[in-house]
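For reference, the structure discussed in these notes is given below.
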Amino acid sequence: MRTSWADSVTNAVSEIAVSDNNSLSLPTRSTYVPPHLRNRPASDVPNLSGPASERASFSGTAGGPQWPRWSGGGGTKPEFGRQGQGYGYAGAGRGGSGVGWNNRSGGWDRREREVNPFGDDDEVDDREQGFTEQENMGINFDAYEDIPVETSGENVPPPVNTFAEIDLGEMLNQNIRRCKYVKPTPVQRHAIPIALGGRDLMACAQTGSGKTAAFCFPIISGIMREQYVQRPRVARTVYPLALILSPTRELSCQIHDEAKKFSYQTGVKVVVAYGGAPINQQLRELERGVDILVATPGRLVDLLERARVSLQMIRHLALDEADRMLDMGFEPQIRKIVQQMDMPDRGVRQTMLFSATFPREIQRLASDFLSNYIFLAVGRVGSSTDLIVQRVEIVLESDKRSHLMDLLHAQRENGVHGKQALTLVFVETKKGADSLEHWLYINGFPATTIHGDRTQQERELALRSFKSGKTPILVATDVAARGLDIPHVAHVVNFDLPNDIDDYVHRIGRTGRAGKTGLATAFFNESNLSLARPLAELMQEANQEVPAWLTRYASRAPCGGNKNRRSGGGRFGGRDFRREGSFSRNLDYYGGGNGGSAYGVPANYGEYAPGVTSAWD
DNA sequence: AAAAAAT
């Protein structure tokens, strides 16, 4: 019988009782007020030391955590705060207009006001702000209609069609409006109800399809509405309630920026931590309080080892680009963070994995972190709508540079006012990136480069310079392949093709984002033969024109070219490995017995598991 | 074989 989350926290809480009694005796220590109660009159704030009956006891079950189902009436929540009187809160006094904030330092508040992440307003006050329309951050939702979706797992909550159907809370709704999100994207329609239901989730959806919001909304909403916790106050350790991990520093920054928008004025505090930047500033941010920590693995391990962060109170864990996070390079670190530190067990916390691709092997690994999870696959944007036009050309290694030059010249001439459209050029190596960038530069093309040998400052500068159009050509290694949301990338050039088709999928996903169209050109030669078959298949699925020579290479190519990692030839990014024969020869137990070709065939849903909702609604 | 991720 494993220890429940409530137990482990109760234990932790007892260990620090003495220091917290001390802290409580400090007259200046304000009472922590949970975000969802901060805008209410003080009388509404429940007594922390009140009867336990006010806080139903926690009952973790095999069916997963029950506590996030705060709106279900009968939902149970973890028991916290029984000894709560004794605890201060590391981040007390942050944000909001509630009790915990203003009564703290005699009215003198030396902390800056929460920066308006929407950048359209300097004065943050109680007025409803008028948000200007200058920036269209909205997604082209029409491009998302009729995208096939598949879910599997037990008792999948039905999808929603509008944000209004989901009670995310008024503050979050306001921020959704500020983001100009009109209606949820397919991944949001399905993932949000699942996540709000407290269920674990493995979701395949292309970045740029609204993934970040799909896991951030439920996390923020959950933190605002769940039974709040008194967090221990131990030395300088902080206790985030949610952890979001991503494989690159820039992606973590991006998720942080997004999450800041979503959590604006909710009182939910988001902090980012990543390597390559001075740790002290990050430590200071953490000390001001953190509910949601966004981090890269290396820096997080550092913070954990310094005991500046504890994962003891984590209720929500999200891995973005989860397949990358669990590949050979990252897996040990992730295992350490999730399984060998002080994070609550799976089934106690909620775990959500997101990626555009989910190879079967990785799914198998990932299931270690999940409990009775729901698998969700959302059609690849562009698979039927041609949002990304994919071209493959045979280019000898020695001709690549001049060929690229030709493309760039043509692009410049066709461009508006002779301006170079944003072009992202992927190469294999860091050295190759530097040398190509230099060559482009001396040939009159303003280029910059991003790769892991550059300093973090250089990386961020390069990204800004590219985004702003100052250097409209960015030469990149795979550090930029995943998740980065760079608006207006018109063209992705695979100067060197990756060895893995999944990497190709992520790379070309840097264009054609948010429903806009894009172009992807690949230079193919004899060193890419192993990619011929999966590439031809992928292009076929995406209704792309497959050159005859590629089809020929594909038919000649050795079968094991990609280790069959795109399991089942998944039509849009993956299928639940639990439904495959390799996982269980007893598929018929589930009544489905699908032979591996039924992916996306709705007729099988009902047979697979009762309660599975058809996503073809 | 390469890239990423802590100092």
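Bear in mind the structure is a predicted one, so any value in this text is a computation, not a measurement. For the numbers below, each heavy atom of this structure counts, side chains included, while hydrogens, waters and symmetry mates do not. Chain A is the first sequence line, chain B the second, and so forth, proteins listed ahead of strands; every chain is numbered from 1.
- Residues passing the salt bridge (Lys or Arg N to Asp or Glu O under 4.0 Å) test with A:Arg335 are A:Glu331, A:Asp368, sequence neighbours excluded.
- With sequence neighbours left out, A:Ser527 forms a side chain to side chain contact (heavy atoms under 4.5 Å, CB included) with A:Glu397, A:Asn525.
- The salt bridge (Lys or Arg N to Asp or Glu O under 4.0 Å) test applied to A:Arg459 returns A:Glu250, not counting sequence neighbours.
- Under the ring pair (Phe, Tyr, Trp, His ring centres under 6.0 Å) criterion, the residue pairs touching residues 335-356 of chain A are A:Phe215-A:Phe354, with sequence neighbours excluded.
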field: Base versus backbone protein contacts along nucleotides 1-6 of chain B [heavy-atom cut-off under 4.0 Å; B, S, -]
entry: BSSBBB
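- A salt bridge (Lys or Arg N to Asp or Glu O under 4.0 Å) check over residues 275-284 of chain A, counting only residues at least two apart or in different chains, returns nothing.
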